[in-house]
Asker: 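Here you go, one structure.
Reminder, nothing fancy here: chain letters follow the sequence lines and each chain counts from 1.
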Protein chains: 2
Amino acid sequence: MAKPGTSSRLVTEGAGRSAATKQVLVEAAIETLKAEGFAGASARAIAGRAGCNQALVFYHFGSVVGLLLAALDAVSASRLEHYSASVEDVRSPAELVEVAAAIFREDLDAGHVTVLVEMIAGASSTPGLGAEVAARISPWKQFAKQVIDSVLGDSALGTVIPSGELAHGVVALYLGLDLLTHLGEDRAPALALFDHAKQLAALVEVLGIGRLPATTAPAPKEAS
Amino acid sequence: MAKPGTSSRLVTEGAGRSAATKQVLVEAAIETLKAEGFAGASARAIAGRAGCNQALVFYHFGSVVGLLLAALDAVSASRLEHYSASVEDVRSPAELVEVAAAIFREDLDAGHVTVLVEMIAGASSTPGLGAEVAARISPWKQFAKQVIDSVLGDSALGTVIPSGELAHGVVALYLGLDLLTHLGEDRAPALALFDHAKQLAALVEVLGIGRLPATTAPAPKEAS
DNA sequence: GTCTATACTTGGATAGAC
DNA sequence: GTCTATCCAAGTATAGAC
């Protein structure tokens, strides 16, 4: 990790200092979006949380919106990476719901999805921001579609409901549940829904309409 | 409708003038929330849309937040009244989904739900606003729960999934779909979901696990 | 690269004329 | 009840010192 050619002091001088500042600003922007929403995410509020000067927002990101988009990028990248790793071994609908429930609880408690929600809701206040945000949401829908495809495949269920539309609904539900939960401070009804979804998924498996046909899912080998 | 004792001029003087101004401000607040979001809903922006003076916001509503809450009240009341009338004759899950699809399309095009979404998302920027908004969302969940109860009742489905949790999910999905649709400018995937829901509801009916038992739903009489 | 200082704009809110 | 005028706080953004 240590870069060659830099002095012994790690981030107090040298080329890495700029990147470090950008990073604390991005993290502070994320925290500010969670705690005070889009309307409260001013350059002053974010810089205050980051413990640095307000002018640095404009030096490093050009504008407040520029920083907020960088924050959205960071959350998206980190979460999508985590999602991918989590669903790697998922093979059935019931397993998927189980994993999704765990991830949702994480996201809810950490407020990751709130960053997306605030940016979407705040997009209408700034011309051109909507398209930027939309472009950053699209990977979430693509990921959901891929996972749904890998679990439902060309099974009976997957044929009746197109995975793209189902993914759209899943992402919408995810955003809406986050919205309601952070408003009401009660995450119980949202988590309970995942339990019921788990039962439904198990039912789908029993009925044999959700598992992949054997031809597209050969017996897994031991070696990775 | 005409009030006794007032002059021939309708709203230019007299007691009704205040109410009329309040109403145009509320309507302008609704439009501003739809078009510019919570972050863009300033007293000046709203008053400009209403065609009146910015100071009137504070005279009539005390603060900008006060006006926005009045706007949320107005939308909630008008929509819930419309919902109630629409589901009055609904007796089966399939009918309910049909009615819900029509209502959703209305809400989407008119932006009614966007007002809720913006207020929820904006609530975190102002101390104390969250509780006020939560109190105004709760009737939506109660309504959804009542309708779900009236259609599923103590049937098989209604017993497996508690109506309160299902209502929570339905409202969340409603909010999330609105959020995504107004971002992406494409309502097709959201509307398609209602079509699939209709098929599912029809399946539920065929299986006989969604209709009310005859004892709780006697044959309707002609007189209301 | 980071800070201070500052110009400029917008927004919430109030006082007082009409 | 409505308007004009105004105050003050907060926000964006830039210039220039360090």
Asker: Is a side-chain donor-acceptor pair under 3.5 Å present for B/Arg49 with B/Thr32?
Answerer: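 There is such a pair between these side chains.
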
Asker: Closest approach to the side chain of B/Arg44, judged atom by atom: which nucleotide of D/dT6, D/dA13, D/dG1 is it?
Answerer: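 So the side chain of B/Arg44 is nearest to D/dT6.
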
Asker: Round to the nearest Å and state the distance from B/Leu56 atom CG to D/dT2 atom C1'.
Answerer: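 After rounding, the gap between these two atoms is 5 Å.
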
Asker: Heavy atoms from C-beta onward define the side chain here; which of D/dT2, C/dG1, C/dT2 lies closest to that of A/His60?
Answerer: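 In terms of side-chain proximity for A/His60, the closest of D/dT2, C/dG1, C/dT2 is C/dT2.
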
Asker: Starting from C1' on D/dT4, measure out to OH on B/Tyr59 and report it in whole angstrom.
Answerer: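 About 17 Å, once rounded to whole Å.
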
Asker: Nearest whole Å is fine: how far is C/dG11 P from B/Phe38 CZ?
Answerer: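 From B/Phe38 CZ to C/dG11 P: 14 Å.
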
Asker: Look at the side chain of B/Arg17 and the base of D/dG1, then say whether one donor and one acceptor between them are separated by less than 3.5 Å.
Answerer: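 Looking at the base of D/dG1, it does not pair with any donor or acceptor on the side chain of B/Arg17 (distance under 3.5 Å).
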
Asker: Going by distance alone, is a donor N or O of one side chain under 3.5 Å from an acceptor N or O of the other, for A/Ser76 and A/Arg136?
Answerer: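 There is no such pair (donor and acceptor under 3.5 Å, judged by atom type) between the side chains of A/Ser76 and A/Arg136.
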
Asker: Rounded to whole angstroms, how far apart are CZ on B/Phe61 and C1' on C/dA13?
Answerer: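 Value for this atom pair: 16 Å.
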
Asker: Which one, C/dA13, D/dT14, C/dG1, comes nearest to the side chain of A/Phe58?
Answerer: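 Output: D/dT14.
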
Asker: Compare the minimum distances between each of C/dA15, C/dG12, C/dT2 and the side chain of B/Val64, then state the nucleotide with the smallest one.
Answerer: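 Within the option list, the nearest is C/dG12.
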
Asker: Is any side-chain nitrogen or oxygen of B/Thr21 closer than 4.0 Å to OP1 or OP2 of D/dG1?
Answerer: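 For D/dG1, OP1/OP2 do not have a side-chain N/O of B/Thr21 under 4.0 Å.
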
Asker: Find the distance A/Gln54:CD to D/dA15:C1' and express it as a whole number of Å.
Answerer: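 Distance check: A/Gln54 CD to D/dA15 C1' gives 13 Å.
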
Asker: Could you check whether atom CD of B/Glu27 has more than 12 heavy atoms from other residues, nucleotides or ligands sitting under 6.0 Å from it?
Answerer: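 Yes, enclosed.
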
Asker: Using the side-chain heavy atoms of A/Ser42, tell me which of these nucleotides is nearest: D/dG1, D/dC3, D/dG11.
Answerer: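 Shortest atom-to-atom distance from the side chain points to D/dG11.
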
Asker: Round to a whole Å and report the spacing from CG of A/Leu25 to C1' of C/dC3.
Answerer: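 It is 14 Å, rounded to the nearest whole Å.
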
Asker: State, to 0.1 Å, how close B/Glu95 and B/Val90 come at their nearest heavy-atom pair, and which atoms those are.
Answerer: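 Where B/Glu95 meets B/Val90 most closely, the heavy atoms are OE1-CA, 3.5 Å.
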
Asker: Could you verify whether a donor N or O on one side chain and an acceptor N or O on the other, from B/Tyr59 and B/Asn53, lie under 3.5 Å apart?
Answerer: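 No, no side-chain donor-acceptor pair sits under 3.5 Å.
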
Asker: Can you tell me the distance, in whole Å, between the CG atom of B/Asn53 and the C1' atom of C/dA17?
Answerer: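 Distance, rounded to whole Å: 13 Å.
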
Asker: Figure out the CD1/P separation between B/Ile46 and C/dT10, and round it to whole Å.
Answerer: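 In whole Å, C/dT10 P lies 17 Å from B/Ile46 CD1.
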
Asker: Base, sugar-phosphate alone, or nothing: which one does B/Ala55 contact when heavy atoms must sit under 4.0 Å apart?
Answerer: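 Here B/Ala55 touches the bases of the nucleic acid.
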
